[in-house]
Peer 1: 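Starting off with a structure, shown below.
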2 protein chains.
Amino acid sequence: MVTIKDVAKRASVSPSTVSRVIAGSTRISLQTRLRVQQAMEELNYVPNAIARSLARSHTRTIGFTVARQADDAFANPFFSEVMRGMSTVAQARDYNILLSINPTPEEERDKCLRLIKERRIDGLIVSTSRVKDQLIATLISEQIPFVLIGRSADTPVLSVNNDNVQAARSATIHLFEQGYERVLFLGGDRNLVVTQDRLTGYKQACFEWQRAYDEAFMIEADFSIESGFAALEAARERGIPFDAVLAADDLLALGALQYAKSVHCQVPEQLGVVGFNDSPLLSYVNPPLTSVKILAYELGLEAMELLLDTLEQPAKARTKKEILIPSELVVRASSLRKGMK
Amino acid sequence: MVTIKDVAKRASVSPSTVSRVIAGSTRISLQTRLRVQQAMEELNYVPNAIARSLARSHTRTIGFTVARQADDAFANPFFSEVMRGMSTVAQARDYNILLSINPTPEEERDKCLRLIKERRIDGLIVSTSRVKDQLIATLISEQIPFVLIGRSADTPVLSVNNDNVQAARSATIHLFEQGYERVLFLGGDRNLVVTQDRLTGYKQACFEWQRAYDEAFMIEADFSIESGFAALEAARERGIPFDAVLAADDLLALGALQYAKSVHCQVPEQLGVVGFNDSPLLSYVNPPLTSVKILAYELGLEAMELLLDTLEQPAKARTKKEILIPSELVVRASSLRKGMK
DNA sequence: CTGTTAGCGCATTCAT
DNA sequence: ATGAATGCGCTAACAG
């Protein structure tokens, strides 16, 4: 392995001089700079990032953590897109990404803590938040630099989120405008902040349109087609009337479609359905599904940008910035009763 | 930050002793071991992985690289699943994963090389291979430990692959069995080894069933619905007759479905369609799409296992092991002319 | 502008 | 079984 010493020798300077040209110090004569650079090239020298990290006590690598529980998620392209976004700016700003996929929130918490304490990462991007999020609480109390993709329900933190409330509200109103009377909210895990926010938006729309809201209108399900199906079946059995469904995820929405088929109920004529995430194949299901498109790539991008800014200028970190990324309702047949738009 | 010295002091031993109990050395009296362990806990000590890496000259982190070009790919859950698989064994064996997403093969090559030379990673998992793959060639000549997910067209390397040839063969035969006469191969980038292997399987089936094969039967497209659509339209315009399509990807297959719809051609009656990857929503498109299910999770898992084994026992690395993961044809309506199975 | 010195936190000889 | 000494490769005062 070729080290800084080898370069120094070849350029007939001291190691510190080499270190300086690597760091791009200005107080170096053009002469020696050139000589050193040449030596580096001739020797094919690449600085050892580990040694560097040890000396400077930071690593230029960012952790990205996913609690695999919250992931229908990891099965849909959402995370891939987030990663692409993060990667783009990481690349541009010369950072690396360390991936941490964990089966449970507990393991996630321990793993992240360890990564930090081991000094493997300088900061963290967290991808899902629950109501009393252990990870976030720990991160705060340990003063670990991080940004959340999503929203923190408890303490304000640096975060970039999509406008779930607004999006759910628009989607619901869209259904009302299409003439649906009783919209059900078909949500995922109640403890996820996303679910809560979407529910809030839904309620808000109900309120604005002066539609009755009842606890029974919120039905909870896992993020799966089967679960969505089952939830609606259960709702019907309990005698809850409805002619539309706002699903907090496309899989759930698909479950609603399945349900409709099973009870010979026409979509969109007798049942309107809207999903979340705008999964790629959605235009090809039958009927094509209306869905809220979320800009996952942008979420990842902004999150990384925010974190790196914070890391590089700790002073600015005082204000707990919260970035909001707008989403878009992609209207397709499954919610178009009036054939309009 | 609490270091090994702090622990040493508190346990009234030397730093090297602490280092030994961390490493699990046997030549340590139970007494002192206990004392040290207690001190570590009391101080909440976690070894600095960077310092450790520098001293031992390896990092216990593995790079995972994706050339974003080959990725329809990154848009479908394939990569997510691969990562989950990798992550599972990494976690179990106490390794970390460094993510590298690159826009082009060239940048990918440079980035990976750099990660290695910077000593950030001990080894690499590569996710797509092309015909004269620059990355792989470089990796070999630089003697960098890596395993390929896929197959190397040029030199034998450590790899874990799914049985593309066999899978394509079975899928094609399935179409023949269903009574289709002229099946077209709708492939992605010709330079991808996957494409080639699937084409080989397709040809093999043609040969076995004594069907004519012509270069014109292989049509190339990007990994997108539109491109698949366009490719079939072009084929028809060129007067190539066909009544079935084996698509090397689900998106392409969907393009075929679109095409069929546009020319009022019934699927599966007048056109049989089979895809690859078994994307989650496929059962819900119309008609439900037959597709080859690939065990991406297993691919990632085996790849990581293989790489770590190699890293930890360099001796075994001599034989260029190639693991094959079987896939499964999931038959749905889009290819079921005879209503059988 | 450049060289010298002293760590960064840990692992690993070599003694004892 | 344990301690002292040295080095991993680089950065960062401190001199000059």
Side-chain angles (χ1 to χ4, degrees), chain A residues 1-40 43-61 94 114-122 312, chain B residues 1-40 43-61 94 114-122 312:
Chain A
M1 150 169 276
V2 31
T3 79
I4 208 173
K5 284 184 187 170
D6 302 320
V7 178
K9 212 166 286 175
R10 190 173 236 278
S12 325
V13 295
S14 78
S16 26
T17 302
V18 178
S19 175
R20 284 191 186 98
V21 345
I22 293 174
S25 163
T26 49
R27 333 184 213 176
I28 286 254
S29 74
L30 186 59
Q31 291 226 356
T32 58
R33 173 192 307 279
L34 259 33
R35 246 199 359 248
V36 170
Q37 283 171 339
Q38 188 180 345
M40 295 201 300
L43 294 176
N44 212 316
Y45 168 74
V46 179
N48 180 320
I50 301 301
R52 206 164 207 211
S53 296
L54 183 58
R56 308 187 56 165
S57 65
H58 62 245
T59 56
R60 293 193 88 81
T61 112
D94 197 24
R114 184 168 163 211
L115 287 175
I116 283 283
K117 295 213 152 190
E118 286 185 334
R119 302 267 158 181
R120 278 187 196 275
I121 58 178
D122 296 340
E312 289 170 3
Chain B
M1 149 167 276
V2 31
T3 77
I4 209 172
K5 283 185 189 171
D6 302 320
V7 178
K9 213 167 287 174
R10 189 173 238 279
S12 325
V13 295
S14 78
S16 23
T17 301
V18 177
S19 175
R20 284 192 187 98
V21 346
I22 293 174
S25 164
T26 48
R27 333 185 216 174
I28 286 253
S29 75
L30 186 60
Q31 290 226 357
T32 59
R33 171 190 308 279
L34 259 33
R35 251 205 348 254
V36 170
Q37 284 171 339
Q38 188 180 344
M40 296 200 299
L43 294 176
N44 211 317
Y45 169 74
V46 179
N48 181 320
I50 301 301
R52 203 162 211 217
S53 296
L54 184 58
R56 308 187 55 166
S57 64
H58 62 245
T59 57
R60 294 193 88 80
T61 113
D94 196 24
R114 184 168 162 212
L115 286 175
I116 284 282
K117 294 213 152 190
E118 286 185 335
R119 303 265 157 181
R120 278 187 195 276
I121 58 178
D122 296 339
E312 289 170 1

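Letters A, B, ... mirror the listed sequences (proteins, then strands); counts begin at 1. Worth knowing before you read on, the calculation uses all heavy atoms, side chains too, and leaves out hydrogens, waters and symmetry mates.
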Peer 1: Could you tell me the separation between the CZ atom of R120(B) and the P atom of dG9(D), rounded to a whole number of Å?
Peer 2: 16 Å
Peer 1: Are OP1 or OP2 of dC1(C) and a side-chain N or O of T32(A) less than 4.0 angstrom apart?
Peer 2: no
Peer 1: Can you tell me how far apart CZ (R120(A)) and OG (S53(A)) are? Round to the nearest 0.5 Å.
Peer 2: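 Answer for the CZ-OG pair, R120(A) versus S53(A), is 11.0 Å.
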Peer 1: Treating primed atoms plus P, OP1 and OP2 as sugar-phosphate and everything else as base, which nucleotides of nucleotides 6-13 of chain C get B, S or - for protein heavy atoms under 4.0 Å?
Peer 2: -BBBBBBB
Peer 1: Hey, mind stepping through N44(B) and K117(A) against side-chain contact (heavy atoms from CB on, under 4.5 Å) and telling me if it holds?
Peer 2: CA-CA 10 Å; N44(B) 211 317; K117(A) 295 213 152 190; 3.5 Å; yes
Peer 1: To the closest 0.5 Å, what do you measure between CD1 (I50(A)) and NE2 (H58(B))?
Peer 2: 11.0 Å
Peer 1: Using side-chain contact (heavy atoms from CB on, under 4.5 Å) as the criterion, list what pairs up with D94(A), not counting sequence neighbours.
Peer 2: R60(A), R114(B)
Peer 1: Evaluate the side-chain contact (heavy atoms from CB on, under 4.5 Å) criterion for residues I22(B) and Y45(B): first the C-alpha distance (whole Å), next the side-chain angles of each, then the deciding distance (0.1 Å), finally the verdict.
Peer 2: CA-CA 11 Å; I22(B) 293 174; Y45(B) 169 74; 3.7 Å; yes
Peer 1: Classify S53(A) by what it touches in the nucleic acid, base, sugar-phosphate, or nothing, heavy-atom distance under 4.0 Å.
Peer 2: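 The answer is nothing, as S53(A) stays clear of every strand by at least 4.0 Å.
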